[in-house]
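Could you have a look at this structure, given as structure tokens, before my questions?
Proteins come first, then strands; the chains are lettered A, B, ... in the order of their sequence lines, and each starts at number 1.
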Amino acid sequence: MSNSTQHTISKILRKTPNKTLSVSTRQAKQLHAHIVKTKGTLHSDNILVLSLYSNLNLLQHSLHLFNSLPSPPPPLAWSSIIKCYTSHSLLHLSFSSFNSMRSLSVPPNRHVFPSLLKASTLLKHHKLAHSLHACTVRLGLDSDLYIANALINTYAKFHNAGKVFDVFPKRGESGIDCVKKVFDMMPVRDVVSWNTVIAGFAQNGMYVEALDMVREMGKNGKLKPDSFTLSSILPIFAEHVDVNKGKEIHGYAVRNGFDGDVFIGSSLIDMYAKCNRLECSLRAFYILPRKDAISWNSIIAGCVQNGEFDRGLGFFRRMLKENVKPMAVSFSSVIPACAHLTALSLGRQLHGCIVRLGFDDNEFIASSLVDMYAKCGNIKMARYVFDRIDKRDMVAWTAIIMGCAMHGHALDAVSLFENMLEDGVRPCYVAFMAVLTACSHAGLVDEGWRYFNSMERDFGIAPGLEHYAAVADLLGRAGRLEEAYDFISNMRGVQPTGSVWSILLAACRAHKSVELAEKVLDKLLSVDSENMGAYVLMSNIYSAAQRWKDAARLRIHMRKKGLKKTPACSWIEVGNQVHTFMAGDKSHPYYDKINKALDVLLEQMEKEGYVIDTNQVLHDVDEELKRELLHNHSERLAIAYGIISTTAGTTIRVIKNIRVCADCHTAIKFITKIVGREITVRDNSRFHHFKNGSCSCGDYW
DNA sequence: GTAGGGTTAG
């Protein structure tokens, strides 16, 4: 045996005070061989090797050695094997070993309890944790530093679950109460004790207490916040969107050399991203000397949460390229990017990966898939994924309800909402947004009112801007304009914004009420004088009423204020390319073919009874020009391109940035019949599925 | 020998 190995052995056997004794697997095996050769398999030094194997997480080696020990193995051997089981997540084996140990009358030593407490925490098994706690009390070990630290961790993790099951030692005592009790009675506390309590407070939303503890910790002797402390409290500033406090912590981390720590790194990335400082997140990401899967997850999620969808996808690709194995979280972070980009084929590919990696039962992923399929126009697939979710939580329900709402399946949305209630899932703020949206898209006025009234009364959720907007939309579209006006004027808790008034303004346009529109516009401009949408809408209302002078006056006013209309734009994915069209856009290389196809279609449409609705052209121009303007609306160009560039029978999916115009809506119904294809158009509020001459919205939109 | 931290869905 070499000198260096001899040195290692003597170092190990001398029980060096160095706690993190680093021994390689090879060294441990050599030591084992040496001991077996010189002292035999039964010598007690083998137990030291077992603890080395256990620390190295070598389950097979540990087990093999453990089984070769004379019976009954001593306490140290048991604590080593139990630790190994726990760190391999073989939690039931941890407990069955503990039982065997006791049935062999081996007295449990202090070292078994932390591993067992950890196992009970991972199993979320409250009763086990309590009996372990009781056991340590009987043995007088409950204030042992390591055991108390483990107890604090266990109780902190059970805090929320404890309220539900009411299993804490004394009725009405929460997990955090137990945390405090254990912490208070400890004769000696170390930095781990403080960090565990701080993390417990932080993870349970007790931010004031967490930050107080950090200050207290500094005062109390020599303990200084370390990297563990910082990574526990950074999420507080992320949630509170307090970038200044977050920066202070960042500064402290830099001064103390923690800024390259992977844990702090991902907290910093997340904190800056949640504070809308994506550039700072990127900097924190790039300076990390070593990036793990969570660092990648954080930057991907950060990009996606800040609307940088392509960037988020780019980081996901780079993560794969650098051979970092994606985790379930990686997928639930990146799928929403596909949803927002309407990238159906990419979303499908990712779904494939998810299934292959066995992540398809993850509830976060499932909900994001439901939403992605719905937003990409495939409501059937959204429903398929939803139906296969084992445990449907509120987010999953909300995703499918919102999906149905967007696709105009209002009755499905309403009955799903009822099913959710029957399932005992409490609806939240967003769930009510979804069901109210469904009602407004289908004109279910009574149902909408019922839900609106029940949210505060039955569920204690105060209606927010989105709910008021949905009800205003519901009333407005149904033509109950005065009622909607009163409803908005009497909003409680929140002030009506320009966007809520615009909803009513749009309804005034649909129901041709110039008088109320003028009243609404006044209200709107008083809260949002720069709202260009309002000017456009009002000028369109005047135009539709042939009040060209008023319309022109508004447009001049807009121009003076430097407000510009959002240009209408539609796009379609053909092959792997996105083709974008503006109204009257002649820049597409196939423009001539597109135009010709539209001419042919128009001829056939008119034979079928289509009459152009030139009222939809809101300029004071002659009829011929009006025809041409409508003929060149962006959605028609995109659809025509889809027809000539894909094989017969392929569904055409078009997306438009603003609402589809009424004449185009009629025209597309004719087109779908003539070409025998399904056409899906997603505008900024919903999907229209055109098939065989009709639209899924039932012309109510 | 035994204890603590970061990321995710509507």
Side-chain angles (χ1 to χ4, degrees), chain A residues 15 19-21 47-48 50-52 54-55 75-80 82-83 86 109-118 121 141 144-154 156-157 190-200 202-203 226-235 238 258 261-271 273-274 292-302 304-305 327-336 339 359 362-372 374-375 386 389 393-403 428-431 433-434:
Chain A
K15 280 198 177 182
K19 281 187 177 178
T20 50
L21 189 68
I47 294 154
L48 290 172
L50 171 56
S51 69
L52 286 179
S54 157
N55 266 345
L76 176 57
W78 288 101
S79 59
S80 299
I82 288 172
K83 181 190 171 257
T86 300
N109 66 359
R110 60 184 61 210
H111 307 301
V112 284
F113 290 104
S115 304
L116 292 170
L117 283 166
K118 188 174 190 173
T121 310
L141 293 172
D144 173 271
L145 180 61
Y146 285 78
I147 293 175
N149 286 347
L151 280 169
I152 291 172
N153 182 43
T154 303
K157 297 265 155 61
D190 66 356
V191 69
V192 177
S193 325
W194 286 89
N195 284 342
T196 315
V197 175
I198 290 165
Q203 285 159 3
D226 66 1
S227 66
F228 282 80
T229 327
L230 303 190
S231 52
S232 299
I233 59 169
L234 274 170
F258 298 139
D261 181 287
V262 265
F263 282 81
I264 294 191
S266 38
S267 297
L268 284 172
I269 294 166
D270 182 53
M271 184 273 294
K274 295 227 164 79
D292 66 4
I294 299 185
S295 324
W296 287 98
N297 293 347
S298 305
I299 196 66
I300 293 166
V304 177
Q305 287 160 357
M327 301 163 56
V329 177
S330 322
F331 289 97
S332 45
S333 303
V334 81
I335 294 284
F359 289 150
N362 178 293
E363 53 186 315
F364 285 82
I365 292 180
S367 302
S368 67
L369 284 173
V370 170
D371 183 57
M372 184 273 292
K375 289 215 171 85
F386 175 80
I389 301 177
D393 65 2
M394 193 233 315
V395 178
W397 283 102
T398 305
I400 192 66
I401 293 167
M402 193 61 110
C428 68
Y429 191 95
V430 190
M433 274 167 58

Quiz prompt | Phosphate OP1/OP2 of B/dA9: any A/Lys375 side-chain N/O under 4.0 Å | solution =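 No, because none of the side-chain N or O atoms of A/Lys375 sits under 4.0 Å from OP1 or OP2 of B/dA9.
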Quiz item: Looking for any heavy atom pair under 4.0 Å, which part of the strands does A/Asn362 touch: base, sugar-phosphate only, or nothing?
Solution: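 Contact class for A/Asn362: none.
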Practice problem: Find the distance A/Ile147:CD1 to B/dG1:P and express it as a whole number of Å. | Solution: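 Going from CD1 in A/Ile147 over to P in B/dG1 covers 17 Å.
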Practice problem: Would you mind classifying the nucleic acid contact of A/Ser232 as base, sugar-phosphate or nothing, using non-hydrogen atoms under 4.0 angstrom? | Solution: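 Here A/Ser232 touches the backbone only, sparing every base.
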Self-check item: Side chain of A/Ile264 (C-beta onward), nearest among B/dA3, B/dG5, B/dT8
Solution: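 Nucleotide nearest to A/Ile264's side chain: B/dG5.
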Self-check item: Sugar-phosphate only, base, or nothing, as touched by A/Thr398 at under 4.0 Å among non-hydrogen atoms
Solution: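 Base: the residue A/Thr398, judged by heavy atoms under 4.0 Å, touches a nucleobase.
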Practice problem: Look at all strands and tell whether A/Ser298 reaches a base, only sugar-phosphate, or nothing, counting heavy atoms closer than 4.0 Å. | Solution: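 Here A/Ser298 touches the backbone only, sparing every base.
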Quiz item: Any side-chain N or O of A/Gln305 under 4.0 Å from OP1/OP2 of B/dT7?
Solution: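 For B/dT7, OP1/OP2 do not have a side-chain N/O of A/Gln305 under 4.0 Å.
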Quiz item: Under 4.0 Å: is that the gap between some side-chain N or O of A/Asn297 and OP1 or OP2 of B/dT8?
Solution: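 The answer is no; no side-chain N or O of A/Asn297 sits under 4.0 Å from OP1 or OP2.
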Quiz prompt | Rounded distance in Å - CD1 (A/Ile300) to P (B/dA9) | solution =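 So the two atoms are 12 Å apart, to the nearest Å.
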Quiz prompt | Side chain A/Ser333 and base B/dT8 donor-acceptor under 3.5 Å | solution =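 Side chain to base: no pair below 3.5 Å.
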Exercise. Evaluate whether the aromatic ring of A/Tyr146 and the six-membered ring of the B/dA3 base sit under 5.5 Å apart, centre to centre, with an inclination under 30°.
Key: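 Not stacked: fails the 5.5 Å / 30° test.
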Exercise. Just compare B/dG6, B/dG4, B/dT8 and give me whichever is closest to any side-chain atom of A/Ala301.
Key: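 Closest nucleotide among those given: B/dT8.
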Exercise. Indicate, with a heavy-atom threshold strictly under 4.0 Å, whether A/Leu76 touches base, sugar-phosphate, or nothing.
Key: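 Base, at least one base atom sits under 4.0 Å.
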Quiz item: Which part of the nucleic acid, if any, lies within contact of A/Val262, taking any heavy atom under 4.0 Å across all strands shown: a base, the sugar-phosphate backbone alone, or nothing?
Solution: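 Base contact - A/Val262 has a heavy atom under 4.0 Å of at least one base atom.
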Quiz item: Which part of the nucleic acid, if any, lies within reach of A/Met433 when heavy atoms closer than 4.0 Å are counted: base, sugar-phosphate only, or nothing?
Solution: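 If one applies the 4.0 Å heavy-atom cut-off, A/Met433 turns out to touch nothing in the nucleic acid.
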Practice problem: State whether A/Lys157 places a side-chain N or O below 4.0 Å from either non-bridging phosphate oxygen (OP1 or OP2) of B/dG5. | Solution: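 Yes, such a contact exists.
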Self-check item: Proximity to the side chain of A/His111 - top-ranked nucleotide from B/dT2, B/dA3, B/dG5
Solution: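 So the nucleotide nearest the side chain must be B/dT2.
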Practice problem: Would you mind classifying the nucleic acid contact of A/Asp393 as base, sugar-phosphate or nothing, using non-hydrogen atoms under 4.0 angstrom? | Solution: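 Base, at least one base atom sits under 4.0 Å.
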Practice problem: Evaluate the side-chain proximity of A/Leu369 to A/Met372: yes if any heavy-atom separation is below 4.5 Å, no if none is. | Solution: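 SC-SC contact between A/Met372 and A/Leu369 confirmed.
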Practice problem: Determine the contact category for A/Ser330: base if any of its heavy atoms lies under 4.0 Å from a base atom, sugar-phosphate if only primed atoms, P, OP1 or OP2 are that close, otherwise nothing. | Solution: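 Counting heavy atoms under 4.0 Å across all strands, no contact is made by A/Ser330.
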Self-check item: Side chain A/Ser367 and base B/dA9 donor-acceptor under 3.5 Å
Solution: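 Counting by modelled atom types and ignoring angles, a donor-acceptor contact under 3.5 Å is found here.
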